[in-house]
Structures are given as C-alpha cells and as structure tokens.
Amino acid sequence: MQIVSVTSAFPKLYYSQEILFAALQQYWGDRLVKPEVLQRLHRNVGVEGRFLSLPIDEYPKLRNWGEANDHWIRTAQELGQCAISRAVTAAGLQVGDLGAFFFTSVTGISSPSIDARLINRMGLSPNIKRVPMFGLGCVAGAAGIARAADYVRAYPDQIAVLLAVELCSLTLQREDLSVANLISCGLFGDGAAAVLIAGDKCGLSGPKILASRSVFYPETEEMMGWNVSQEGFRIVLSSEVPALIQRNLGQDVDGFLAELGRERSDVGSWVLHTGGPKVLEATASALGLENGQLSASWDCLRRTGNLSSASVLVVLEEVMNHRCPAPGTLGILAAMGPGFCSELVALEW
C-alpha cells in the first residue's frame, strides 16, 4: 500500500495574527474584560497567520449556525474539488480511477455529505464507495489514512482518496469567552488536504504503509471535542491534554514498533499533527525527539495554524515535497484527537 500523492488547498484569504487579534478584539468589544489575556494567548500559540473562508468583516454578520454551515457546505466543496484535482493530477491519474472516497470533517455537517456532492460536481465514478466520517477531529487525518489503507489492502487493485476539509473559522462562538475558546480562536485555521492511497497491484510509487495502530484512552471523552447547541459547535479543550500525551504516547509508539520488530531509534522521519505549542512540546518530550525532528510540524503550525484533521496531511505534504527522507527510511505518522485517542501509521519511505 502506497501513499501516491498528497496536496492541500486553502481559501484565498490569508490574515496575519495581528490583524486577526484586532478583529476579535473588536468583535467581542466590551465583553472582553481583559483583552491583554487574548493578546497573550494569541502570541503564545506559535501562529503567524491563517486562511479564512470569509472576508474578516463578514463573520460578525453571520446570524446563526445554519448560515455559517451553509458557507461551510459551499467552501468545503470548492476546496475539496481543488485538493482532489491536484492530488489526482500529481499522481498522473484521472478522477475515474478512484475506487473509494473517505471524507472527514468536524467543522460542519451536510446530508448528502460533501463526498456525495463532489461525486456529482467532479464526475467521479457512480460506483465509488463512500465513507464519510464525522467526530474524529484532529485524529482523523491519520485515522483516515489507516482506514483507506485497510480498504486497499482488501482491494489491492484499487485507489482510495482521503479528503479532509476543516473550516474552523465558521465555528466562531460570540458568547463563549472561555479560555479554551480564546485559545482556539488564535490557533485554528481553514484548509483542506487530499491523499491518494493505492493498493499493491496498482503499480504506483510512494511511501509504503506498513501498518497502523489505533489507541483509545478510556474515560477521557471530556478532554476534547464539541458541546453542540443551537449556537453551533462550542470547543471543549482540556489543559490536561499535554500531560495525557506525555504519559501515553511514548509507550504506545514503542509497543507499535515492537510488533514490527523495530524500536524508536530506528525511526528516521516523524510526521505529526501540528496540535499547538504545548501539544508539540509534550509530543517531543514523550518521544525523546530533539534537533528539529518536528520542524515540519512547527513550520506548518506557524504558517497556517491548526487545521484539525487536515493538519497532519499538510505536514505529510511538506515532508514529501520538501524534506523527503532517503529511500528505506522508517517513518511514523501520528495524530491525536477527541475520544481521547491516537492513531499511528508506520511508513517506509
């Protein structure tokens, strides 16, 4: 099983962190009792700028969740089509070559789902198998690769596409002045990414997917996710997430590698979800990484912020295009998210 190509797509509008901070300060106005707290939180998330689905002055005009979700449906189709088209072109394929379509997002909903709408919009095969996924959040990029790999393992002559679209700006909550929401407003951005995964009989090249491992941490469901109400999606983000990662991730990776007859020192490439500074620091500590081994994740966080499920795919794109390891290098792709859970994928470059 090979990762044949991975490509990202972003909205046309990009704003610096300074402009976004000023807009949020104006958005909340006098309700923001301590604007210096918002400024400090935005300064500490390690983000220089983010893409937005709408012009910055349009967000205060959104009247309700339904209106925001309508924008999500429209933009998700636009970015999804762009990302898939780029991935197919980069692989030298046609959209009709795709046999399965895995779609994930946690920032909007629709029925028919975005994958169905894109079949019509792009002229994909009417026999393509669809697997829309909701609720996995940040872990979904890695989980989606793993599930697509499971599919092409069963159907080795087929190619699956994974599309992740996250439009985090459209979940903005005007009434929520919690620290969790102030952080998320400074950390999360909008974007999409598509990955093509091919079975062994397709004769295509790319990093090989050796194995995957799902890990669920019982009784941690309150650590991350959404509280869903008539206002939409309200962020749940516990300060205990970095500690949970530090306690578990190292032993989880070691156990996974042991099943492959390998150990952590054999890994020469790390493709990890961007999370945020505290998450990346906890990850590096848990895995004993240093000397820039997570530089691709830090750089993607700085340029685009946290893109939830699309983040690890954007990091993968960065590594494949600009930091590709030597052939034969063992790699780990990983992400964590609501559940709380982690997903690990072993690669051979």
Side-chain angles (χ1 to χ4, degrees), residues 2-11 14 16-17 45-51 79-80 82-91 104 138-146 148-149 161-166 168 187-197 205-209 267-277 279-281 283-284 287 289-337 343-349:
Q2 287 83 30
I3 296 175
V4 180
S5 65
V6 54
T7 54
S8 58
F10 294 96
Y14 185 85
S16 70
Q17 197 75 336
V45 294
V47 177
E48 291 183 355
R50 287 168 286 160
F51 291 92
L79 295 185
C82 182
I84 292 173
S85 296
R86 289 174 177 174
V88 168
T89 299
T104 187
C138 296
V139 78
I145 287 177
V161 59
L162 166 67
L163 173 65
V165 180
E166 301 291 8
C168 303
L187 178 62
F188 289 93
D190 296 357
V195 184
L196 300 189
I197 297 98
S205 61
K208 295 180 181 178
I209 301 173
V267 179
S269 171
W270 298 90
V271 177
L272 299 183
H273 168 63
T274 54
V279 168
L280 285 175
E281 289 164 2
T283 299
L287 297 174
L289 303 180
E290 53 188 16
N291 299 326
Q293 288 176 284
L294 293 183
S295 61
S297 297
W298 281 103
D299 288 346
C300 290
L301 174 66
R302 175 178 52 82
R303 292 195 296 259
T304 63
N306 185 336
L307 304 174
S308 189
S309 67
S311 276
V312 74
L313 308 183
V314 171
V315 178
L316 177 63
E317 179 187 35
E318 169 70 18
V319 172
M320 287 184 68
N321 290 347
H322 305 295
R323 315 179 192 212
C324 195
T329 299
L330 176 66
I332 290 290
L333 181 148
M336 293 136 283
E343 195 81 26
L344 313 174
V345 180
L347 304 174
E348 181 183 303
W349 291 87

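Residue numbers run from 1 in the order of the sequence given.
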Colleague: Rounded to the nearest 0.5 Å, what's the gap from SG on C300 to CG on L272? Could you check?
Modeller: 11.5 Å
Colleague: Just to verify, what does R86 make a salt bridge (Lys or Arg N to Asp or Glu O under 4.0 Å) with, not counting sequence neighbours?
Modeller: none
Colleague: Has the side chain of E343 got a donor or acceptor atom that lies under 3.5 Å from a matching backbone atom of A146?
Modeller: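 No; zero donor-acceptor contacts below 3.5 Å.
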Colleague: To the nearest 0.5 Å, what is the distance between CD1 (I197) and CD1 (I145)?
Modeller: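 So the gap between those two atoms works out to 5.5 Å.
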Colleague: Rounded to the nearest 0.5 Å, what separation is found between the CD atom of E318 and the CZ atom of R323?
Modeller: 4.0 Å
Colleague: Taking the side chain from T274 and the backbone from N306, do they hold a donor-acceptor pair closer than 3.5 Å?
Modeller: no
Colleague: Where do L196 and A87 come nearest, in terms of heavy atoms and distance?
Modeller: CD1-O, 3.6 Å
Colleague: Once rounded to the nearest 0.5 Å, what's the spacing between atom CH2 of W270 and atom CG of L330?
Modeller: 8.5 Å
Colleague: Starting at OG1 of T283, measure out to CG of L294 and round the result to the nearest 0.5 Å.
Modeller: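 Answer for the OG1-CG pair, T283 versus L294, is 7.0 Å.
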Colleague: Which heavy-atom pair separates R50 from F188 by the least distance, and what is that distance?
Modeller: NH1-O, 2.9 Å
Colleague: Taking the side chain as everything from C-beta on, heavy atoms only, tell me whether Q293 gets closer than 4.5 Å to L287.
Modeller: no
Colleague: Between atom CG of L316 and atom OG of S311, what is the distance when rounded to the nearest 0.5 Å?
Modeller: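 Answer for the CG-OG pair, L316 versus S311, is 12.5 Å.
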